[in-house]
Amino acid sequence: MTDLTRLTAAELAAKIHAREVTSAEVTRAHLDRIAEADGRVHAFLHVDTEGALAAAREVDAGLEAGHAPASPLAGVPLALKDVLTTEGIPTTCGSKTLENWLPPYDSTVTRRLREAGIVILGKTNMDEFAMGSSTENSAYGPTRNPWDHERIPGGSGGGSSASLAAFEAPLAIGTDTGGSIRQPGAVTGTVGVKPTYGGVSRYGLVAFSSSLDQAGPCARTVTDAALLHEVIGGHDPLDSTSIDAPVPPVVAAAREGARGDLSGVRVGVVQEFAGEGYQPGVLRSFQAAVEQLRELGAEVVEVSCPNFAYALPAYYLIAPSECSSNLARFDAMRYGLRVADDGEHGAEEVMSLSREAGFGAEVKRRIMLGTYALSSGYYDAYYGSAQKVRTLITRDFTAAFERVDVLVSPTTPTTAFKIGERVDDPLAMYLADLCTIPANLAGNPAMSVPSGLSDEDGLPVGLQIMAPTLADDRLYRVGAAYEVARDAAAGGSLVHQVPELEAAK
Amino acid sequence: MTAVAELMDYAEVIERFDPVLGLEVHVELSTNTKMFCGCANVFGGEPNTHVCPTCLGLPGALPVMNGKAVESAIRIGLALNCEIAQWCRFARKNYFYPDMPKNFQTSQYDEPIAFDGYLDVPLDDGEVVRVEIERAHMEEDTGKSLHVGGATGRIHGAEHSLLDYNRAGVPLIEIVTKPITGAGERAPEIARAYVTALRDLLRAMDVSDVRMDQGSLRCDANVSLMPKGTSEFGTRTETKNVNSLRSVERAVRYEMARHGAVLAGGGTIRQETRHFQESDGTTAPGRTKETAEDYRYFPEPDLVPVAPSREWVEELRGTLPEPPWERRKRIQEEWGLTGEELRDLVNTGAADLVAATVDAGAEPGDARSWWVQFLTQQANAREVELADLPITPAQVARVIELVKSGELTNKLAREVVQGVLAGEGEPDEVVETRGLKVVSDDTALLTAVDEALAAQPDVAEKIRGGKVQAAGAIVGAVMKATKGQADAKRVRELILERVGA
């Protein structure tokens, strides 16, 4: 029997729906793999063995009874980032504050996954409240990159990306506020997509920065990501910022792209995302990818987006400002960690001491930054200016998309760095999101697709593709065309080159 | 705790100072659901039963705007002669307090839905004062805290606190006046008259219960004094916990007298929040803060802007009812009331109810007499406002109709009204279930009359001899026998007919 964990989601779905294997067998295979691998990788914070098997058996029973599958992915297992609420299943956001919190409700993404018959294996590790680029800020310990266990799997969604690269799950959900889907995808050799802001409901996504957060699909192939995108996307009346428009035809676009013809597609290379601070191997991989796109028929031009240079500082005002308010609710009054409730301390002291004990250093740093930036007398200089930069970045995108259909850049300036390497240098850590942040600020969609291994360290590199708002389908067309061409040239999918557990350093 | 404040004689305050008022009124809208979620918007209920992830501020939950609340906000803005914003947003007002689930209040800030309006306020003597409105904005209410233990009922010194989030997320409109200057000695009266006029207007619009006793209408009174002849506003205090119309007037008057004494003594007024104390009509300082509160307002990213189309705004303008004071002017003319009669009606809170009863088909005289006499007694006995009695003008009009048609006597009619007030249903149902129909069958009555006459032959003889007033005794006996359900006038006629007088 083939190793079920090595198959794509589309292949697994085909086998399950054809009754060649059961969803329960597929689920069991992944649970076994988690049991085998996760002691080293630590992608999961919670594995819902019973719930997953029950969901799988329900899918099998439906198929057995002759019902059509609930979705093209019915029966396929998935790893869910621990920032999306799951009724009755712990949701910690990687924080001590929410240790043992059992949400009384499902997020809309969770509900849509369940309705689609997708089997939720468990909840994946993340930087606390999605603040970080390495998953080292999790209160429950770091996740290790399956390519090299001494290195980070990216962040904040390192658990989701690592679960894919370790073959613990064929699908995962991430959330991307400044790059938390794409950068982990890049450093683990997997695919990650941040949809158009408002394309996937945020209801039940525990907010870090409301105007930037966006949930999206993570997978090992572009087509799998597209299939998942169509399950979770679409209007939700419970989220006021959800877009009331049909989900862009991303699956059809991926299929079209897979035919390998990009003639007539104009690709813009963002000039600003190169040079100092970029690892040479990353830039060489990027150049090769651009060349491959040209060979597929795309017309490649250089595009300047001068205001992208201000994206990082603007982000580090807007995101902390919103998070300082969003995280105010963790006050120990109704749920979550509560300390010093000994009859000696008043409510304000309990709040203060619980927050002191419950939040990690990076979360506190950002709450302080945001509180300061919103303070009376500083608002205009900080939050106000950052919002102006946001407008300028949106204008850069608008101008660029008048000339080209998609923009490309490296996803992140370097390959996976070593665990511990940047923990004491927040600014170095923040640079990991240099290329991904503009799409969050402007709200347009972006994807990271593997572009091979960096020649100097043999670690995965990601190609970032960015499209205009609501043109998510373009990402999939270009991404799928590139993926097929790269895999053909390299003789197989990049992620299959990941070392076996015991061989990994 | 605190020393009794020195007060200046009110006449002296007026002689030496000009008062400046600013009134902030919070109105809870009577929408079916809360401002940002689908929970029921009802007063009371078992604690924490009208709650959901959104109004509890649970992680991940998001707000969705209540369209009906926006509609009410626009209608209120229009009724207050305001401009309606073309485009406006909500903001977050950040501060920590246990009864606020998210530790920020979702409220409009620098972009109110309605602004720059006015309200013409009639005073007791008929004079009309125009109060300028600065803004009316939307926000959500907080939960309620009950502090247990400690002397003050406030959080400081309490042993523990209980929290009820049923009220959290209830839609509120905050209506803020521009500074009211030039009021002079009538400042306290103007404050009360403004809140009264606003309450009557909102009640006529059917957008709120406007019950000050239940907190669905709350008034914060800002008061400052400036020495006569100067134009720079003095430091103000903001008095909260003002829970009745009368308290509005008392609180303003008290603060004016207190400010006067402090300023005349060479002191300065501290800008602070004070709490009105119903028991003795004084105000007490709230907790003084060492630092000014910084609410770190910023636009609410979880909501989209509100951009009401001009067509919709005009459509809503068409739904505004006749303003209460205009209706009063009209009924005064139509019913030929003197100014004093109208004022009595208004002061007892009966004017609008009488008008509505007339609109429902009753004669003005009957309608007035029911509301001003019997129903006012009932309201007083229950210690509620007349308008809060559980009877509608339409029901009163039906009772009047039943009396007119002879189906009820006045005495029976009062019983019917008692039944309605007791929650026994519509007037006709009460008549039915309590068996209160007038006995108008002469055969049954004649039997009763004959029996009564036979029982008192001496009285019958007296009547026959021409002493018609003696019939009263027989009438009484018949009424007793019929348990009061007979028409006394008809009984009398039958008695005289029977004795052949």
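Treat the numbers as computed from the prediction; the structure is a model and nothing was measured.
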Exercise. Judged by modelled atom types alone, do A:S160 and A:T124 share a side-chain donor-acceptor pair under 3.5 Å?
Worked result: yes
Exercise. Between B:E140 and B:K34, does at least one N-O distance fall below 4.0 Å, as a salt bridge requires?
Worked result: no
Problem set entry | Heavy-atom pair count under 4.5 Å with chain B, highest-scoring of A:L212, A:T85, A:L238 | A:L238
Exercise. Relative to chain A, which segment of B:Y297 carries a heavy atom at a distance below 4.5 Å: side chain, backbone, both, or neither?
Worked result: backbone
For this session: With a 4.5 angstrom heavy-atom cut-off, could you sort out which part of A:P237 is near chain B: side chain, backbone, both or neither?
Result: backbone
Problem set entry | Segment of A:D213 engaging chain B (4.5 angstrom heavy-atom cut-off) | neither
For this session: Check whether the ring centres of B:F90 and B:F36 lie less than 6.0 Å apart, and answer yes or no.
Result: yes
Problem set entry | A:Y203-A:Y105 aromatic ring centre distance below 6.0 Å | yes
Exercise. Can you tell which of A:G377, A:S240, A:S209, A:A207 has the highest number of heavy-atom pairs within less than 4.5 Å of chain B?
Worked result: A:S240
Problem set entry | Which portion of A:T91 sits near chain B, non-hydrogen atoms under 4.5 angstrom | neither
For this session: Sort A:S107 into side chain, backbone, both or neither according to what part of it lies under 4.5 angstrom from a heavy atom of chain B.
Result: neither
For this session: Say whether B:R167 and B:N41, considering side chains only, have a donor N or O and an acceptor N or O under 3.5 Å apart.
Result: no
Exercise. Tell me, side chain or backbone of B:F298 under 4.5 Å from chain A's heavy atoms, or both, or neither?
Worked result: both
Exercise. Most heavy-atom pairs under 4.5 angstrom with chain A, which of B:A61, B:C37, B:G38?
Worked result: B:A61
Problem set entry | Cation over ring face, B:K93 and B:Y295, 6.0 Å, 45° | yes
Exercise. With respect to chain B, which residue among A:G204, A:S325, A:S210 yields the maximal number of heavy-atom pairs within a distance under 4.5 Å?
Worked result: A:S325
Problem set entry | Side chains of A:T469 and A:N444, donor plus acceptor under 3.5 Å | no
For this session: Look at A:M333, A:E322, A:M351, A:R334 and state which one has the largest set of heavy-atom pairs under 4.5 Å with chain B.
Result: A:R334
Problem set entry | Test item: B:E300 side-chain N/O and B:R92 main-chain N/O as donor-acceptor pair under 3.5 Å | no
Seminar exercise, completed: Under 4.5 Å to a heavy atom of chain A? For B:N94 that would be side chain
